[in-house]
Amino acid sequence: MTILQVENASISFGGVKALQNISFHVKKDEVFSIIGPNGAGKTTLFNLISRIYDLKEGSLFFKGVDATNLSTHQIAKLGIARTFQNTELFEQETVLNNLLIGNHIHRKTSLLQEIIFDRKTRNQEMEFRENVEAIIDLLDLQAYRYQKISNLPYGIRKLVEIARALSMKPELILLDEPSSGLNPEETEDLIFQIEDLRAELGITVLMIEHDMNLVSQISDRVMAIADGQTLIVGHPKEVQDHAEVIRAYLG
Amino acid sequence: MQFIRKTNYYQDIQLFKHGGQIFWYATLLFFLLFTPLFLSEFYLGELALVFIYGIAGVGLMLLTGYTGQVSLGHAAFLGIGAYCHAYLLSHEVPFLISLTLATLFSATVGGILAIPALRVTGIYLAVATLAFSVIVEQILTHWVSVTGGYRGMLVPAPSLGPISLQSFEIFYYTCLTFLILTIFIALNLLRSPTGRAMTAVRDSEISAESMGINLAQTKAIAFSLSSGLTGLAGGLLAHKIGYLAPDSFNLLMSIQLLLMVVVGGLGSLHGAVYGAIFIGFLPQAIALLRDSLPGTVAHTPGLEPGIFGLILVLVLIYEPLGIYGRWIKIRSFFEEFPLYRQATHKRQRTFLKTERLR
Amino acid sequence: MEIIQLLISGMSQGCVYGLIALGFVLIYKATEMVNFAQGDLMMLGAFLSYTFVSVLNFPFMLGIIAAIGSMAAIGAITERLAIRPMIGEPHFSVLMVTIGLGFIFRAASGFIWGSEPKTLDTPYAGQILKINNIIIGYENIVILMATILLCASLVLFFRFTTTGKAMQAASQNQLAAMYVGISVRKINTLVWAVSASVSAAAGILIAPVSLIDPQMGFIGIKAFAAAIVGGFGSLPGAIIGGLIIGIAEQFAGLYLPSGFSEVTAYIILLIVLIARPHGIFTSMHIKKV
C-alpha cells in the first residue's frame with residue numbers, strides 16, 4: 001500500500017532548477033532512503049514534502065489525500081513528522097517540554113479550558129506525559145528528561161529530535177541525515193532504533209542518509225538523486241552498483 | 001540542595017512543586033494582605049502601582065518573554081485600556097463590566113495588530129508595533145469627542161455596586177486581586193499546550209510549524225492575551241493617575257514596560273513581578289537621589305529617562321537574565337556552598353548569529 | 001507653484017531623513033545591529049556644531065568639521081564600550097541597548113546644553129533664492145547639495161578604498177572576512193564612527209531649519225521608517241525611502257486634517273511592512289533548514 005506519493009515535483013530558485021520532475025512513492029511500513037551528493041536537492045525534497053517550500057509543478061499525495069496545497073502545520077496534523085539536518089530544537093526548553101510540544105496536534109482542549117486548567121486539561125496533560133514517557137523509554141532518554149536542550153551534546157540532540165517527531169505519533173517520519181555528527185557507536189544504536197520504529201510503532205521511515213553502510217543495512221528501497229534528477233530507484237545493492245550513481249559520487 | 005522525590009507525573013504539573021513553595025507564597029500573601037494596616041496611604045498607592053505594572057508586565061512577558069515577539073508599542077494598549085475604561089465609566093457602565101469590556105477591547109485591537117505582525121518578524125515587528133503606538137497616540141490626541149484631546153479626560157471614581165473603591169485600601173486590594181488572577185491565568189497557560197506552543201514559536205518558528213503548531217493562530221493568541229492584560233492594567237492605571245492625557249502613553253512608557261521585562265528577567269513570570277517592583281519604585285529612588293544632588297544635575301529634565309537608559313544598558317551588558325537570573329545565581333551559591341563554581345553560569349562566547357540569509 | 005515648493009521642502013526634509021537612515025543602514029549592513037540611538041547621535045552632532053560655531057566662535061567650516069570629527073570619536077567610543085560586549089547576543093537585546101543609549105545621550109545633552117532650544121548661526125541663514133514665483137531657502141539648497149556630495153563620497157569610499165572594500169567584505173560574511181585577515185572588530189568600530197559622522201552631518205544640515213534641542217533626536221524614528229521603506233540594507237534605498245517619507249509628509253500636512261502629517265511616516269511604514277515585509281528594494285529571504 002502506498003502511503004506517500006510524489007509526482008513530477010519540480011522547483012527552482014531564481015533560475016536554478018533544484019528539482020526536476022521527481023516522482024516516487026513510499027510504501028507503508030518500509031524504510032525508504034534517499035542518497036545523493038551534496039547539493040543534489042535531497043533536503044529541498046524534504047522541505048517540499050513538509051510544505052515549507054511550495055511546489056512549482058507536480059503534486060503530493062499522503063494516504064490518498066491531495067496534500068499539494070496544505071500548509072506546514074496541516075501536513076503535521078495529517079501524520080508526517082520530520083527532523084532537521086542540523087537540528088531545530090526548542091533550545092530554551094527542557095527535553096520533556098520539547099517532547100510535550102510534539103503532542104500539540106493531539107490537543108483537544110480550548111483556550112478557555114486551559115486558562116482555568118480544568119479537569120479535561122489536567123487529564124490531557126497526564127495523558128500527554130504518559131505518551132512522552134513511553135518514547136523516553138524507547139529511546140533511553142531518561143537521564144535527560146529535565147535538561148535544557150542548550151546544555152546537551154550533539155548526539156543526544158539528534159536523538160531528542162527523533163523522539164520529538166515520534167511523540168507526534170506520526171505514520172510517516174522524515175529523517176534528514178540522522179547519522180551525521182554521530183560517532184560509530186551512536187550510529188550503530190541508530191540502526192536498531194530505526195528498526196524499532198518500524199517494528200514496534202509501525203511507522204514508515206523516509207530518510208536522507210550519506211552513510212552507505214547504514215543505508216544498505218536497513219533500507220528496503222533506495223532512491224539516488226543528483227542535480228535535482230532521479231538516477232535510479234531500487235534495492236540498496238542494485239543502487240550501489242549503478243554506474244551513474246558511482247559517477248555522481250566520484251565526479 | 002533540595003531534591004524532590006517524584007512519584008507521580010502530576011507533581012510536574014502542579015502549580016506549587018513542594019511544601020516550601022506553598023509556605024513562602026502563603027507568607028507573602030499574608031504579608032500583603034495585612035500591609036494596609038501599617039503602611040501610609042502614599043506607599044499603599046505606590047504598591048498598587050507596582051501591582052498594576054505587574055499585570056502589564058505579565059502581559060508583555062507572555063508576548064516577549066515566552067512567544068519571542070518584541071513590542072515597542074505596548075503603552076498603546078495601556079492607553080486603549082485606560083481611555084476605554086474611563087469612557088465607559090463616564091457613561092455609567094458599572095466598574096467590573098467596564099473593566100472587562102476595556103480588557104476585551106484591547107485584546108481585540110491586539111488581535112488585529114497581530115495580522116500585520118504575522119508577516120514581519122524580529123526588528124521589523126518591533127518597528128511595526130512602534131508605528132502602531134504612535135498612531136494610537138495621535139488618535140487619542142485628535143479624537144476630541146471621545147478622549148478630550150489635549151485637555152485630557154477625568155476618570156470617574158470607581159465603585160463596585162454601592163461600595164466605593166475610592167479609598168486607598170480597597171483600590172490596593174482590587175489591584176492585588178487582579179494581579180493574582182493574572183498570574184494564575186499565565187501559569188495555567190504556560191503548563192498547557194497553548195503556552196508550550198508559544199515557547200515553541202519563540203525558539204524555532206519553522207520547527208514549531210512542522211510540529212503542527214499553527215503559527216498565525218499562536219501569535220494572534222499571544223498578541224491578544226498580552227494586549228488584553230495590558231489593557232486591564234491600563235484600566236486600573238486610569239484610577240491611579242485620575243486624569244488621562246494622550247502623552248502619558250508615549251514611547252517612553254513603552255520602553256518602561258520593556259525595561260520591566262528585561263530588567264526583571266526575560267522568560268520568567270518572577271521576572272515580570274521583579275521588574276514591576278523595580279519600575280514602580282525607581283522614580284521614588286530617583287526622587288530621593290535628587291535631593292542629594294547639586295541643583296543643576298538634579299533639575300535636568302531628562303534625568304529620569306537617562307537613568308532608565310543607563311540601567312537598561314548596564315543590565316543588558318552585565319546581567320542579560322535580569323534580576324531573576326541574578327537571584328538564581330545567588331540561590332545556587334548558597335545551595336551548593338562551598339562547592340559553587342562561577343563557571344556554572346558563565347556565558348559561552350558567541351559569535352554574530354546571522355539572521356540574514358542568502 | 002505650491003506643489004513645486006512643497007516638493008522642494010519635502011525633498012530637503014527627506015534628505016535629512018535619508019542621511020540618518022543611511023547611518024542606520026551602514027551599521028546594520030556591517031554588524032546586523034539596529035542602532036536606535038541614531039537620531040540622538042544626530043542631535044549630539046547638531047549640539048556640537050552649535051558649540052563649536054556659536055559658542056567657541058570657530059570659523060563655520062572648521063566648526064562643522066570639528067563637530068563631525070568629534071562625533072566620529074563618540075561613535076567609536078560608544079561602539080567600544082556598549083556595543084562590542086553585545087556581539088552574539090540576540091538582536092532584540094542589542095536594540096534595547098541602543099534605545100538605552102539614546103536616553104543616556106538625551107539626558108547628557110540636556111545636562112550639558114540645557115533644554116532651551118538653540119540656533120546654529122550659518123553664513124547662509126535667512127537667504128532665499130527666487131525663481132519666478134518659487135521661493136527656496138538657501139538651507140534647503142544646501143541640504144540637497146550636501147546630501148548628494150556625501151552620498152557620492154560614500155560611494156567612492158566603498159568602491160575605491162581598501163578600508164571601504166574591507167567593510168563591504170565584513171558585511172557580507174564576518175567569519176570569512178576574519179579568515180582573510182580583516183580585523184572585523186576594527187571595522188565595526190570604524191563603521192560606527194562613519195555612521196555617527198553621517199548622522200552628525202544630517203544634524204548640522206537640519207539645524208538651521210529646525211531648532212536644536214535634546215528632543216530633536218525623535219526624528220530618528222521617522223528616519224528608521226525611511227530606512228525600512230528603503231529595504232534596510234541598501235544605501236540608495238535609504239535615501240529614496242527618506243525622500244518618499246519627507247515628500248509624503250509635506251503633502252499630508254497640507255491636504256489632510258491635522259495630526260496626519262505626524263503619522264504619515266508610520267502609516268507608510270505599516271503599509272510597506274504589510275505589503276512587502278522586507279521593504280521595497282530587497283528580495284524576500286526564507287530561513288534555510
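Predicted, not measured: the structure shown is a model, and the values here were computed from it. Numbers restart at 1 for each chain; the letters A, B, ... are given by sequence-line order, proteins then strands.
- Counting heavy atoms from C-beta outward, C:Phe36 and B:Leu130 have side chains that approach closer than 4.5 Å.
- Using a 4.5 Å cut-off between heavy atoms, C:Val97 touches chain B through backbone and side chain atoms alike.
- Residues from residues 20-27 of chain C never place a non-hydrogen atom less than 4.5 Å from a non-hydrogen atom of chain B.
- Nearest heavy-atom pair, B:Ile317 versus C:Met86, reported as atom, atom and distance to 0.1 Å: CG1-SD, 3.8 Å.
- For B:Val262, the part sitting under 4.5 Å from any heavy atom of chain C is the side chain, from C-beta outward, and nothing else.
- Contacts between B:Ser207 and chain C at a heavy-atom distance below 4.5 Å are absent for every atom of the residue.
- By number of non-hydrogen pairs under 4.5 angstrom with chain B, the leading residue of C:Val263, C:Ile267, C:Val94 is C:Val263.
- Closest heavy-atom contact between C:Ser93 and B:Leu316: O-CD1, 3.5 Å.
- Expressed to the nearest 0.5 Å, how far CD1 of C:Ile228 lies from OH of B:Tyr124 amounts to 6.0 Å.
- Qualifying salt bridge (Lys or Arg N to Asp or Glu O under 4.0 Å) partners for C:Arg80, counting only residues two or more places apart in sequence or in other chains: none.
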* **Stepwise side chain to side chain contact (heavy atoms under 4.5 Å, CB included) check, B:Leu310 with C:Phe103** => CA-CA 8 Å; B:Leu310 190 62; C:Phe103 281 109; over 6 Å; no
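- Looking at B:Val70, the atoms closer than 4.5 Å to chain C (heavy atoms on both sides) all sit in the side chain, from C-beta outward.
- Both the backbone and the side chain of B:Leu258 come within contact range of chain C, with heavy atoms under 4.5 Å apart.
- Contact of B:Ile311 with chain C is not made at all, since no heavy-atom distance falls under 4.5 Å.
- For chain C, the nearby part of B:Leu259 is the backbone; its heavy atoms alone come within less than 4.5 Å.
- For chain B, the nearby part of C:Phe218 is the side chain; its heavy atoms alone come within less than 4.5 Å.
- Contacts of residues 135-146 of chain B with chain C at a heavy-atom distance below 4.5 Å involve B:Ile135, B:Gln138, B:His142, listed in sequence order.
- For C:Leu101, the parts lying near chain B are the backbone and the side chain together; criterion is any non-hydrogen pair under 4.5 Å.
- Here B:Leu312 is the residue among B:Leu312, B:Leu314, B:Leu266 with the most heavy-atom pairs under 4.5 Å with chain C.
- Every residue two or more places apart in sequence or in another chain was checked for a salt bridge (Lys or Arg N to Asp or Glu O under 4.0 Å) with B:Glu209, and none qualifies.
- For C:Leu81, the part sitting under 4.5 Å from any heavy atom of chain B is the backbone (N, CA, C, O) and nothing else.
- Within the 4.5 angstrom heavy-atom criterion, only side-chain atoms of C:Ile221, from C-beta onward, approach chain B.
- Here the closest heavy-atom approach between residue B:Gly306 and residue C:Ala107 is recorded as CA-CB, 3.6 Å.
- The two residues B:Ala128 and C:Leu273 have their closest heavy-atom pair at CB-CD1, 3.7 Å.
- Ranked by heavy-atom pairs under 4.5 Å with chain B, the list C:Ala265, C:Ala82, C:Gly100, C:Gly102 is led by C:Gly100.
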